[in-house]
Structures are given as C-alpha cells and as structure tokens.
Amino acid sequence: MLGNAQPAIAAFAATVVQWQLRAGRRGLPWQHTRDPYRIWLSEIMLQQTQVGTVMGYYERFLARFPTVQDLAAATQDEVMPYWAGLGYYARARNLHRCAQEICQNWNGSFPPSADEIMQLPGIGRSTAAAIAAFAYGQRSPIMDGNVKRVFTRYFGIFGDPSVRATEKCLWETAQAVVDAAPPDLDMTAYTQGLMDLGSSHCARGRPDCAACPLATHCYARLESRQAELPTPKKKKQSGQRQCAMLILQKENTILLEQRPSPGIWGGLWSLPQFDDAESLRIACGNMGVEVATERKMAGLQHVFSHFKLHIEPWHIVSDQIETTEPRPNQAWVSLNDLPATALPAPVKKILDGLFLA
DNA sequence: AATACGTGGAC
DNA sequence: TGTCCAAGTAT
C-alpha cells in the first residue's frame, strides 16, 4: 500500500505550521476563537460542505443561537429553518440533540477530550479531533478529505481512502506525524494548515507542487503520480425516482407536510408527495378537490448524492376544500411564512417560482 | 462493508 | 451535459 519513497516525517508538522502561519487562511469566521461551541458548529456545517456555502449559514445560525444554551433551549422546529438548504439534515437534528446532552450531562461545557467529545451525537473521530485541537490544543489528528489528499500523496498511500484498511493506514500515519512532532507544536496552526494545504496547493485537479512546502519529500511529486492519488472511489451508478408534488392552495395558504426522521429531508416541511399523478388525484378527490390536467406544472429534476428525483408539481387552487383538520404532520402555511419555513431546496425553488414571481 | 444522507461548486 | 466530491457520520 505504501509507496517506495521514505518521506521525512520528523519535520512534517513543523513545515505545515510554518506554511500555515505565513500563507494559510486567516479570516474565516470560525478561526481565532477557542469557543468550543463556535468551533463545533463550524465543523458540523463543514462536513461534506464547501467553505463558501457555509459562511452565510454560520453567521445566521450564530446570530439566532449565540450559545449552546440557546440552542438547547430551542425546539427542533426553531432550529431547522437555519439549516434548510445546507443539506444532510441529520446534522442539524444531531446538533440540537447534542446541545441538550451537553447542557444536561456536561453542565453546559464541552467534554474535555476528543475521546469524550466523540461520544456525542453527530460527532465522529475527525470532528472530535478538530474540536479538541482548535479548542484545547489537544494533539488529536484529524482525517478529512483535505488531509487524505495530502497524506496519500506525500506518503504514497494507495487504495480507496474510504476502505477500512486504507483508512486505518491514514489514521496511523496521522498519529505518527503528531507523535514525531516537537512538544511545542502549534496544534491549531497544524490542523488548519493541513486543511489549507489540501484545499489549495494540494487540490485534486492540478496540484501546484512548485508552491508546496512539502514538495521536497512528497512521494507523489517525486514519482510524478499526483494524478493517481488519492485513489479514486469506485463509482456506483445512481438510480432514478419519480414523484408528484402537490401545491394545494387555499386562499393565502398552502398545505405542507413535515418529513419523517430518519429519511430524506427529515424534519423539514415539504409538499405532500405521491408516487405518481394518479395517487395525487385520489388524495385530492378525498378532500373534495378536482384535479384538472392543466394544473400540471413544468417538471424538474433534483439530484441527490445517491439518486436523481424527477418531480412533477401540481398547483391546485381551491377555496372549498372539505378537510376540516389537516393530518398531525401537516399544516396550512401562510405564503408570508414561507421564507422562514424549513423547506427542501427543490421545494423552495418551486414555491419561489410560483409565489415570488 | 455498504449504504443513506443534500446541495452546489468546479471542471 | 456529466462527473467528482466537499472540514463525514450513523447504521
């Protein structure tokens, strides 16, 4: 699995630190704080999500929930609008649960070590290590996509990084680097520097080895195998699904339905969804609503990480809907309240097109 | 081990 | 257009 080169490990961490302090990122909103709450929030938002996407969400979330106590005191329905559009909504649900655990079991303070932090919901090994490194200076190595790119290239680690054996090798290497570093290692700069390097000079497409501080002993550069590392994942074909969504409008309101957890969009409020137009028509009939074919809107496709969804929206306007009470997981929502409602991205797109035009 | 879980940026 | 994948975790 390892390449032939014998890369220098003794000076690795110090080199990263020096480069970070000189050329790394400095102005990100979650840097320059040791508040575990702010660090934790940023790490959760940044899971599988690009920095630029997170920025606005981070500021809005912190303004509404400035402390872990504020977050714990809120309801999940109050939290979800601040996550809507970011994706992977289990992160928000776990974040909320985690805040309550911290307030109930840890007296409102984060656990003092990465091992204990990792026991909390939504926090895995890498996120726990990042929080402990940034908040406490603990020498706990992280292993995210950036670090995987730097390490597989520098140390010549072949094999899909998501496969257990490769992953194990990466973690052991990361630990070995920290163990080989001097006792006064600046853990904040090291951790940040690794990610900065992975997202800049050691980016996936065309790595800029000429500018990289690790180039002299980097396996991939020395062997000209940058394009092979990290070993790409084997791609799995993604399926396609189809659905009909109902925009049922009664005067100034529409009918929304809260999605179950776990599951796609769990906790968000979405349009009533059916496998096909016929099922939608039957449901409308049960409410005494006729569905004319001309109510069908232009379809759209929404791409998830694991499948593509073809959505056929139907806009039904009726002020004489027979239902007295909506189902427990349904609600009539005023059009004025839509901007503050936790809507899935494609649903927001549909409703914006309909009611903001 | 393999799959579920969102959305958008980059090329 | 399609493909890859991003500061991953839970099951």
Side-chain angles (χ1 to χ4, degrees), chain A residues 24-25 28-31 38-58 80 83-95 97-98 117-131 133-134 141-150 160-168 170-171 174 188 190-200 202-206 227 230-239 241 259-268 270 300-309 342-349:
Chain A
R25 289 180 285 199
L28 299 175
W30 42 86
Q31 290 183 282
R38 291 172 174 250
I39 295 164
W40 167 54
L41 177 64
S42 75
E43 292 299 331
I44 301 298
M45 283 191 167
L46 286 160
Q47 287 171 0
Q48 298 292 285
T49 310
Q50 295 186 346
V51 168
T53 303
V54 166
M55 295 280 207
Y57 283 90
Y58 183 75
M80 297 311 289
W83 209 276
L86 247 197
Y88 285 152
Y89 299 100
R91 291 184 295 174
R93 303 194 303 268
N94 285 329
L95 191 84
R97 273 206 301 142
C98 186
I117 292 172
M118 191 172 45
Q119 302 308 312
L120 294 165
I123 302 180
R125 182 173 176 183
S126 188
T127 297
I131 296 169
F134 286 129
I142 63 168
M143 188 51 63
D144 65 0
N146 290 308
V147 184
K148 284 175 179 171
R149 204 157 41 247
V150 173
D160 181 344
S162 65
V163 166
R164 181 195 296 274
T166 317
E167 178 126 35
K168 182 170 182 288
L170 283 164
W171 277 110
T188 296
Y190 173 63
T191 304
Q192 185 66 50
L194 230 31
M195 293 190 286
D196 291 351
L197 214 40
S199 69
S200 60
C202 201
R204 186 167 61 96
R206 302 169 50 83
T231 303
K233 300 188 189 20
K234 59 168 181 269
K235 54 173 174 277
K236 55 179 186 296
Q237 59 175 3
S238 68
R241 304 178 197 176
R259 306 274 310 189
S261 309
I264 290 273
W265 299 330
L268 297 193
S270 189
L300 67 156
Q301 300 182 357
H302 185 72
V303 180
F304 293 93
S305 47
H306 47 311
F307 64 93
K308 181 190 288 188
L309 182 64
L343 303 171
V347 173
K348 176 175 163 50
K349 177 184 289 187

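These numbers were taken from a predicted model, which means no experiment stands behind them. Numbers restart at 1 for each chain; the letters A, B, ... are given by sequence-line order, proteins then strands.
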Should we count NZ of Lys348(A) as having more than 12 external heavy atoms under 6.0 Å?
-> no

With sequence neighbours excluded, tell me which residues meet side chain to side chain contact (heavy atoms under 4.5 Å, CB included) with [X].
X: Asn146(A); value: Asp144(A), Arg149(A), Met195(A), Ser199(A)
X: Thr231(A); value: Phe158(A), Leu229(A)
X: Ser162(A); value: Asp160(A), Lys233(A)
X: Tyr57(A); value: Met45(A), Arg60(A), Leu86(A)

For [X], enumerate each residue passing the salt bridge (Lys or Arg N to Asp or Glu O under 4.0 Å) test, keeping only those at least two apart in sequence or located in another chain.
X: Arg25(A); result: Asp196(A)
X: Arg38(A); result: Asp35(A)
X: Lys308(A); result: none

For Gly267(A) and Met80(A), work out which heavy atoms get closest and say how close.
->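 Taking Gly267(A) first and Met80(A) second, the nearest heavy atoms are O-CG, 3.9 Å.
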
Do you know which two heavy atoms are closest between Ser305(A) and Tyr88(A), and how far apart they sit?
->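 That would be OG-OH, 3.8 Å.
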
Whole-Å P distance, dG8(B) and dT9(C) =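 23 Å, rounded to whole Å.
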
What interatomic distance, in whole Å, is found between P of dT3(B) and the corresponding atom of dA7(C)?
->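 Approximately 24 Å lies between the P atom of dA7(C) and that of dT3(B).
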
Take the protein atom [atom1] of [X] and the nucleotide atom [atom2] of [N], then report the distance between them rounded to whole Å.
X: Arg91(A); N: dA7(C); atom1: CZ; atom2: C1'; value: 10 Å
X: Lys236(A); N: dC5(C); atom1: NZ; atom2: P; value: 11 Å
X: Asp196(A); N: dA7(C); atom1: CG; atom2: P; value: 10 Å

Please classify the nucleic acid contact of [X] as base, sugar-phosphate, or nothing, using heavy-atom distances under 4.0 Å.
X: Val51(A); result: base
X: Pro230(A); result: nothing
X: Arg93(A); result: nothing
X: Gly198(A); result: nothing
X: Gln192(A); result: base
X: Trp83(A); result: nothing
X: Val54(A); result: nothing
X: Leu194(A); result: nothing
X: Gly52(A); result: nothing

Please name all residues satisfying ring pair (Phe, Tyr, Trp, His ring centres under 6.0 Å) with Tyr58(A), sequence neighbours left out, ordered by chain then number.
->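 With neighbours one apart ignored, the set is Trp30(A).
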
Please write out the pairs of protein N or O atoms and N or O atoms of nucleotides 2-4 of chain C separated by less than 3.5 Å, giving the distance to one decimal.
residue	atom	partner	partner atom	Å
dC4(C)	O3'	Arg204(A)	NH1	3.3

How would you list, by chain and number, every residue that makes a side-chain hydrogen bond (donor to acceptor under 3.5 Å, both in side chains) with Gln48(A), sequence neighbours excluded?
->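 Result, side-chain hydrogen bond (donor to acceptor under 3.5 Å, both in side chains) vs Gln48(A): none returned.
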
Between which nucleotides of DNA chain B, read 5' to 3', does contact with chain A run, using atoms under 4.0 Å from its heavy atoms?
-> dA1(B) to dG9(B)

Tabulated below should be each protein N or O lying under 3.5 Å from an N or O of nucleotides 8-11 of chain C; please produce it.
residue	atom	partner	partner atom	Å
dG8(C)	OP1	Gly145(A)	N	3.0
dG8(C)	OP2	Gln48(A)	N	2.7
dG8(C)	OP2	Gln48(A)	NE2	3.1
dG8(C)	O3'	Thr127(A)	OG1	3.4
dT9(C)	OP1	Gly124(A)	N	2.9
dT9(C)	OP1	Gly124(A)	O	3.4
dT9(C)	OP1	Thr127(A)	N	3.1
dT9(C)	OP1	Thr127(A)	OG1	2.9
dA10(C)	OP1	Gly122(A)	N	2.6
dA10(C)	OP1	Ile123(A)	N	3.4

Relative to the 5' end of DNA chain B, which residue comes earlier, Val163(A) or Ala345(A), by the nucleotide with the nearest heavy atom?
-> Val163(A)

